[in-house]
Every structure is written in structure tokens, then in C-alpha cells.
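The residues of the chain are indexed from 1 along the displayed sequence. In listed order, ligands and their atoms are each counted from 1.
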Amino acid sequence: MAGLTEDPELGINDIKEETERNNKHIDKVVGVVAEESVLGERDMAPPAGGLIHRSSSRPQLDLSKAAIQGNFEERNPTILLPNQSDDISHLALDIGGSLIKLVYFSRHEDQSINDKRKKTVKERLGISNGNRRSYPILGGRLHFVKFETSKINHCLDFIYSKQLHRGMDARWNSELPANENTVIKATGGGAYKFADLFKERLGVSLDKEDEMNCLVAGANFLLKAIRHEAFTHMEGQKEFVQIDHNELFPYLLVNIGSGVSMIKVDGDGKFQRVSGTNVGGGTYWGLGRLLTKCKSFDDLLELSQRGNNGTIDMLVGDIYGGMDYSKIGLSASTIASSFGKAISDNKELEDYRPEDISLSLLRMISYNIGQISYLNALLFGIKRIFFGGFFIRGHAYTMDTISFAVHFWSKGEAQAMFLRHEGFLGALGAFMSYEKHGLDDLMAHQLVERFPMGAPYTGGKIHGPPLGDLNEKISWMEKFLQKGTEITAPVPMAPPGTTGLGGFEVPSSKGGILRSDASALNVGVLHLVPSLEVFPLLADPKTYEPNTIDLSDHSEFEYWFTVLSEHLQDLVDKAVASEGGTDDAKRRGDAFARAFSAHLARLLEEPAAYGKLGLANLLELREECLREFQFVDAYRSIKQRENEASLAVLPDLLIELDSMSEETRLLTLIEGVLAANIFDWGARACVDLYHKGTIIEIYRMSRNKMQRPWRVDDFDVFKERMLGSGDKKPPPHRRALLFVDNAGADVVLGMLPLARELLRRGTEVVLVANSLPALNDVTAMELPEIVAEAAKHCDILRRAAEAGGLLVDAMINTLDGYKENSSSVPLMVVENGCGSPCIDLRQVSSELAAAAKDADLIILEGMGRALHTNFNAQFKCDALKLAMVKNQRLAEKLINGNIYDCVCRYEPLR
Ligand SMILES: CC(C)(COP(=O)(O)O)[C@@H](O)C(=O)NCCC(=O)O
Ligand SMILES: [Mn+2]
């Protein structure tokens with residue numbers, strides 16, 4: 001689909017034809033009703049290499065498959081009922097005076113691989129659908145898009161091009177006729193005003209939903225379901241607030257649109273509009289337009305950025321000869337009277353700078369709204385106030401002013417909070433009003449927010465709705481490359497701390513560039529993955545923070561920004577090579593590099609732009625970006641090569657290990673894991689090393705260097721738990737979860753031998769690996785083959801793998817396909833639910849969650865899983881964290897050590 005916005009000539013009929021062509025093509029290639037791709041759009045060209053599973057790092061594991069195929073074996077299958085979805089459109093609108101907000105749903109690609117191994121593991125682990133709901137939920141994505149109301153035709157074109165106005169099934173099957181009776185939920189005044197236009201152009205009826213109902217439903221959904229939705233904004237500093245669901249109500253919802261509504265919310269559907277004010281966004285825009293001749297709301301806001309309200313407002317200092325009125329707590333810069341100076345100055349309107357007028361107006365209105373909100377909160381005994389509505393537009397100064405007012409008048413008792421999806425409350429609420437979509441009680445761990453390069457932006461402005469088509473994205477990037485125009489991160493903002501002390505100082509100018517509502521990248525696409533679960537062995541999920549390194553510390557971000565930027569070219573080379581180095585791959589490689597750089601640049605400007613940012617998020621963003629440009633597995637051949645080399649020496653290693661005493665063997669095994677963790681293609685220092693020798697040479701060198709004590713060395717405590725002391729022989733662990741890291745030597749010569757030792761001691765072992773590729777990490781799909789190869793040379797591994805259903809070939813020879821092998825505890829493989837070098841244990845696969853229930857030992861391996869994330873995580877069972885630190889700065893910061901130091905942290909359950 002050629003760019004709707006790039007090419008205004010493209011009419012609805014062209015789009016229709018194009019869409020139909022694409023639909024047919026996709027249906028043919030895929031052979032089934034086509035699903036949405038990673039790009040989330042119906043109308044993209046099919047990938048070169050056939051249909052691959054590349055939708056997100058948190059793939060949906062089995063839900064939609066069960067739905068489509070109707071898994072008759074399970075008693076309460078979580079199914080997607082086709083009849084449930086085909087008569088409703090999964091699109092909702094909030095049509096306001098200045099903006100149309102659109103929320104739409106796209107279904108996930110079907111990603112489940114119901115292979116034999118998985119089935120056996122499920123049987124072993126006793127996974128049924130018992131912990132699932134008995135009603136259907138849709139796995140998919142929620143997209144947020146907006147248009148100016150004055151350009152409603154663009155909005156209609158967009159809906160048409162994506163076929164959002166058709167019922168679900170009709171969208172996915174172009175042969176089906178559009179349902180003439182499709183009804184779209186809509187709120188806002190435009191739902192009335194434009195009803196005929198929608199009927200005429202799209203043949204759909206708008207079902208009008210009450211605006212207040214929608215606002216509240218939208219806010220409740222966001223506050224319950226999105227982890228980093230609410231934040232405070234004081235003196236330029238944004239801080240995300242985690243709100244306990246049980247303590248959410250009551251709260252005051254202040255929606256600042258043209259006018260302002262103040263709503264006391266007591267629960268779902270329980271609310272009362274307690275107050276409001278007619279001095280709102282419309283007032284700012286209306287008065288501002290008259291006084292400054294500004295042409296748009298955004299221009300007016302941008303003007304305020306360079307303004308000094310002290311030239312117009314009467315300040316306390318003006319009255320008190322430059323002094324504070326400290327007795328009543330008023331500083332000299334406090335506004336005593338908005339526009340008050342204009343009375344005494346002998347000036348006309350033209351004598352005032354439009355910038356100053358705009359700022360004065362903005363402060364007058366924001367401050368007033370903040371104050372009235374607080375007074376209402378006080379009246380109703382409410383502590384928390386959430387501000388929403390498109391007036392705020394993520395504008396730092398507006399938020400600071402409101403926060404100041406609330407803080408000042410409440411003497412710090414009440415708190416103003418803002419919402420990342422501030423403008424979409426109504427549209428989301430309208431969306432929620434569809435019955436039977438099953439989204440009402442989704443929880444934070446079932447939602448993953450992604451930030452695709454979804455919109456064409458340059459020069460600080462978003463130009464039109466998100467790009468969906470891969471080709472469209474690439475050509476757009478190329479166009480700017482050709483022109484030599486740097487793609488800028490969408491709308492930089494002033495660095496923290498410049499928006500004014502206590503909200504009363506003048507914001508320092510940043511060349512008039514405003515971080516505003518334009519940044520569609522501020523809200524990503526919400527991936528709904530109903531099968532994700534919180535890892536059950538987390539000691540306290542509420543206080544768990546996966547990231548060890550917080551990137552809101554600017555110097556920290558700058559460091560990692562540089563590391564990732566420097567690594568980019570190498571990654572692009574690997575990615576392009578992994579796809580055969582074709583011209584198409586090169587184009588995608590360039591586009592990927594551009595896109596990822598743009599994300600980095602955006603985050604450098606504002607680390608909190610995409611929610612709370614940790615290193616894990618940054619590393620995951622990189623993988624997501626690769627997937628967005630359809631790089632399936634950049635390190636595929638490297639992994640294969642290293643697996644082969646390591647498997648070749650494994651038999652010798654096993655013989656060597658078997659000749660040792662139990663005690664020496666355990667130490668050698670742990671040393672082996674630490675030494676083999678050097679095979680990390682994500683670390684600059686290691687990649688440099690690989691040019692200097694073969695894998696096996698490096699492995700030997702690394703092992704020889706293993707000097708105890710390690711920088712963090714709890715080996716003796718671990719050994720005592722494993723082997724006991726004196727005559728006391730402790731019982732073996734029942735089940736161990738081994739979170740494996742890299743392919744090649746890391747898993748083959750490090751983790752597998754350790755797994756074998758545990759198996760030998762009677763502990764069941766579950767190898768936990770990534771669902772999707774990330775750097776050179778081994779994936780759950782790849783592991784069975786590696787294990788099968790290793791098992792050829794080792795009886796312990798073979799019997800355990802057979803018992804765990806890993807040796808599919810062996811199983812095929814048995815009658816029922818699954819042989820209960822009582823002579824060995826099983827070795828199993830489960831996927832972790834993610835596709836990143838790090839792991840957030842609040843969102844793991846249901847398979848892993850089930851495997852965890854009987855586990856009493858977890859072993860986390862590698863820098864990503866044990867250091868960048870989970871270094872401080874506490875568990876409900878024994879935990880061993882093993883990693884080699886392959887980065888000097890991290891070594892200094894985390895363990896006060898040096899590059900190549902090792903961590904063996906053992907934390908027994910007390
Ligand atoms: C991406 C990684 C976390 C992977 O490490 P692993 O988990 O494989 O041990 C690590 O390679 C890393 O932090 N790399 C960036 C730092 C650097 O290049 O020094
Ligand atoms: Mn790794």
C-alpha cells in the first residue's frame with residue numbers, strides 16, 4: 001500500500017484494489033486465512049522466506065492455535081470462537097472537536113507449534129488448561145492512532161485500507177462480503193456529527209457510547225493493565241508510579257479536553273462527575289488564537305516554550321519590590337495575578353511577545369485546573385488525581401504547572417499523576433464497551449508494549465498514520481537517506497530540570513522544539529498475550545524489578561547508547577549475511593540500522609519516552625527492531641558452526657569429568673559453565689577475542705584462567721547443599737530449572753554437563769531457553785537437536801532425554817509415542833516466552849510457569865539473565881546465578897571487579 005499520507009492523490013478505490021491484491025497474494029502464500037504480521041497490518045507483502053514466526057519476543061504460545069483448530073483433547077480449551085468475533089468490528093473511535101482517536105485490534109499470527117516434544121513435556125508437567133479461563137480471550141494487538149478531525153477523510157481512508165470497518169472474519173477473508181450491519185463503537189461529539197459520513201463512505205453505523213463511561217472505563221483499564229502507565233512530573237522529572245490494584249479507588253479523574261471534567265471514580269462503572277470547569281484546553285486555544293494569531297494548538301504550545309510570562313503576569317516580587325512573601329510561603333516568582341501587569345503597562349497587544357502571551361495563558365489555565373482539581377479531591381477525601389485528555393499532550397511545562405498547583409495547595413498531601421495514553425481514554429473505553437472480547441480483566445503480565453517504527457516522522461513531526469507495510473517503511477527510510485536528511489528521533493524535548501523551579505520559573509528555551517503529542521511513538525502497540533504468566537517462584541512479584549541497571553541515570557544511558565551504537569554495524573553485517581546477503585537483505589539491514597538508531601536517539605533525548613527504561617528493554621528493542629525488518633535469526637550460522645565444534649569435543653570432556661571425584665567434578669562443572677559463558681557475540685570484548693583463535697582454543701584458555709576465588713564466590717555453600725559435609729548426604733533437588741544462555745560451547749560444554757550431573761543425582765532437569773532468537777542465544781526450538789546429538793555419546797543424557805520426550809526419533813519407535821522410562825529422571829526443554837538476551841520474570845510462558853511449580857532449584861546463566869536482569873531477584877527456592885562479566889564498566893559497577901571476572905552467587909532458600 002503506497003503511503004496514504006505521502007500520496008494524497010490515492011483514493012479509496014486505489015486502496016481497495018491494492019488491498020484486495022495483497023489479500024489474495026497472502027492467502028495464496030500462507031494457504032490459510034492470513035493473520036497479521038509483525039508489522040501488525042493486514043496489507044503487507046508476504047515475507048520472502050514463507051511464513052515465519054516472528055511476531056514478537058513474547059509469542060503467544062498456544063492459545064490461538066487451540067482456538068482455530070479446536071483442540072478436542074483438552075477439557076476446557078481456551079478458544080477463540082469464530083462466531084464471537086465475526087459480527088463485531090474491533091475498532092473504536094473517539095471523535096473529538098480537534099482530534100479523532102482510534103483504537104483497533106489486530107489478531108495475532110498463529111504461533112503455536114504443537115509438536116510431539118511439547119506435548120510430552122506438557123503431559124510430564126501436568127499442564128492442562130486448568131489455570132486458564134473458561135471463556136475466550138483474543139490474543140492480538142491494540143493499536144493507537146490519531147488524526148486531526150479536520151482531516152477526517154484521511155481517517156476514513158485509513159480505516160478502509162486496513163479494512164477495520166469489516167467484521168473480524170471478513171477482514172481476514174477477502175472473499176467474504178463486508179457485513180452491511182457492522183456497528184462501530186464511537187464516543188465524543190463527532191460520533192453524532194459524522195455518523196452519516198461513516199454510513200456513506202464505509203457503510204457502517206456508529207454506536208454511540210457515553211463519553212464519561214468511556215473515559216472511566218479507559219482509565220480503569222490502563223491503570224490496572226499497563227505497568228508503567230501513570231507517572232508524576234515535577235520540576236522536569238518524570239517518575240513512573242506503580243499503583244496497587246487494591247488501592248486504586250477512589251481516585252479523581254480530570255479530563256482536560258476543550259472543557260474540563262472532574263470525575264470521582266469508585267470502581268469499574270462506578271463514578272460520578274463531581275465538578276468541572278469551562279476554562280480548559282478550548283480556552284487556551286481560543287484565547288491564544290485571538291491574542292497571538294497562532295494557526296494551531298501545537299504552534300501555540302510551541303510558542304510558550306520560548307516565552308517569559310514575567311512580562312505580562314504580575315508576580316509577588318513585582319508587588320514586594322523583588323522580595324519573597326515568605327510569611328505565607330510565596331516566592332518572588334509566584335504569579336500574583338495572571339495578566340496583571342497589562343493593567344499598569346501602557347502597552348497594546350502588539351507590544352507583547354506572542355511567546356509570553358502563550359506562556360502566561362498556559363500557566364493561568366493549567367494552574368487553575370490543578371487548583372480546582374485539588375479542591376475537589378480535598379472535598380471528597382481523595383489522595384490521587386489522574387490528569388488525562390489531549391490538552392496535556394505530554395507537554396512538560398503543562399504537567400509541571402499542574403503538579404505544582406496540586407502539590408502547593410495540598411502541602412504535599414495529594415499527588416498529580418499523568419497517563420501515557422492520556423489522549424486515548426475515551427477511545428479505549430469505547431473499545432472496552434464491545435461485549436465478549438474478554439479483555440476486561442487482562443493483567444499487566446499479559447500485555448507487552450512494543451514500539452515499531454510505526455510512523456513516518458522527520459523534523460520532529462509525525463506525518464500521518466503508522467506505516468504498516470515493510471516495503472513502505474524501508475522506502476521511507478531510504479527516501480530520507482537519499483535526501484541526506486537525517487531521520488530525527490520524533491520530537492526531542494528539553495532535558496530534565498529545565499522546565500522551571502516549582503513550576504514557576506520560566507522554562508529555558510530549547511530552540512523551540514517541543515516534545516508534544518506528536519510523538520506517536522510514545523505509546524506503542526499493546527500486544528495481548530493471554531498465555532503469559534508471572535514466574536511463580538518469584539519471592540515477591542510486587543517488588544520484583546528485573547533490571548539491575550536503571551537507565552534513567554543519564555550517564556549510564558549514554559554509555560550503553562555508545563556500546564549499542566558501536567555494535568550496530570557488526571550486527572547489520574551478520575543480519576544481512578544470515579539472509580544470504582541479497583539486495584533485499586541489504587535494504588532491510590540499512591532500514592533496521594536507521595530505525596534502531598532513531599529509537600536510540602529518541603531515548604537519549606527522553607529515556608522515559610517508552611515507559612520505564614532499563615538495559616533489558618534496550619536490548620530487547622534491538623531484537624524487536626531486527627524482527628520488524630524481518631531478520632529471523634542473525635546468528636543462525638554462527639550458532640550452528642559453534643554447536644558442531646563443541647559437540648565434537650563433548651565426549652572427551654565427559655570422559656574427563658567421569659574420571660574425577662564428586663567434589664572435583666562439581667567444581668570443574670561450575671568452572672566449565674563460567675568459562676564457556678565467554679562465547680557471547682553480544683559483547684564487544686569477546687567478539688574481538690574470537691579473531692584470535694578457534695572456539696576450542698578460547699574455551700581452553702578461558703578454563704585455564706578460572707582462578708578461585710571468583711569475584712563473587714558462593715561455591716562452597718552450593719557444594720555443601722549438593723554434596724553435604726562429612727557423612728551427611730543431603731537429598732537431591734527434586735527439579736532444577738536451568739535458564740540457558742548462548743548456543744555453542746556455552747550450552748554444550750557448560751550447561752549440558754551440569755544438567756547431566758544433576759540428572760545423575762536424581763534431579764529432574766528443565767532446560768529453559770528463549771522462544772525466539774536473540775544474538776547467539778540458543779532457542780528452545782534448537783535445543784532438542786543439540787541434546788539428541790549429545791545423547792549419542794552419553795547414556796545418562798540419552799535416558800533422561802527419552803524420559804523427557806526430547807528424543808522424538810526414539811519415541812516414534814514406541815507405540816504410544818511416549819515411553820515412561822522409570823530408570824531415569826527426565827530432561828525436558830521449555831521455552832521462556834521471550835526473545836531477548838535478558839529475562840523479565842513477570843512475563844514468562846505458561847509452560848515455564850507450569851514447570852516452575854515443582855522446582856526447588858533454579859540456575860540462571862549468563863550476563864543477560866543473571867546480571868543485567870535478576871541479579872537482585874529473590875526466589876522462593878534455591879537459586880544459583882552464574883556468569884562471566886564481559887564488560888569492564890559492568891564489572892566495576894556491579895562487583896567492583898574487572899572484565900572476565902566471574903560471578904557464582906548462590907542464594908539458598910532460608
Ligand atoms: C548482550 C549481553 C547481555 C549478552 O550476554 P550473555 O547473556 O550472553 O552472557 C552482553 O553481551 C552485553 O551486555 N553486551 C554489551 C556490552 C559489551 O559489548 O561490552
Ligand atoms: Mn547470550
Inset, instruction - Could you tell me whether Arg865 and Glu861 have a side-chain N and a carboxylate O separated by less than 4.0 Å? - result: no
Legend entry - Residue Asp741 atom name (nearest to the Mn ion (ligand 2); N/O/S): OD1
Legend entry - Exercise: identify the closest heavy-atom pair between Gln843 and Gln446: NE2-N, 4.4 Å
Inset, instruction - Sort out for me which residue in Val830, Val740, Leu737, Leu806 forms a side-chain contact (heavy atoms from CB on, under 4.5 Å) with Leu767. - result: Val740
Legend entry - Heavy-atom check, side chain of Leu551 versus side chain of Leu603, under 4.5 Å: no
Inset, instruction - Check whether any N, O or S atom of Asp680, backbone or side chain, sits closer than 2.8 Å to the Mn ion (ligand 2). - result: no
Inset, instruction - Please check if atom CD in Glu892 has more than 12 non-hydrogen atoms from other residues, nucleotides or ligands closer than 6.0 Å. - result: yes
Inset, instruction - May I ask you to check whether Met863 brings an N, O or S atom to under 2.8 Å from the Mn ion (ligand 2)? - result: no
Legend entry - Closest non-hydrogen atom pair between Thr869 and Gly864, with its separation: OG1-O, 2.6 Å
Legend entry - Shortest-distance N, O or S atom of Asp777 relative to the Mn ion (ligand 2): OD1
Legend entry - the Mn ion (ligand 2) contact by Asp746, N, O or S atom under 2.8 Å: no
Inset, instruction - Would you check ligand 1 and list the protein residues that come within less than 4.0 Å of it by any heavy atom, ordered by chain and number? - result: Trp560, Val563, Asn677, Asp680, Gly682, Ala683, Arg684, Asp741, Asn742, Leu775, Gly862, Met863, Gly864, His868, Lys886, Asn887
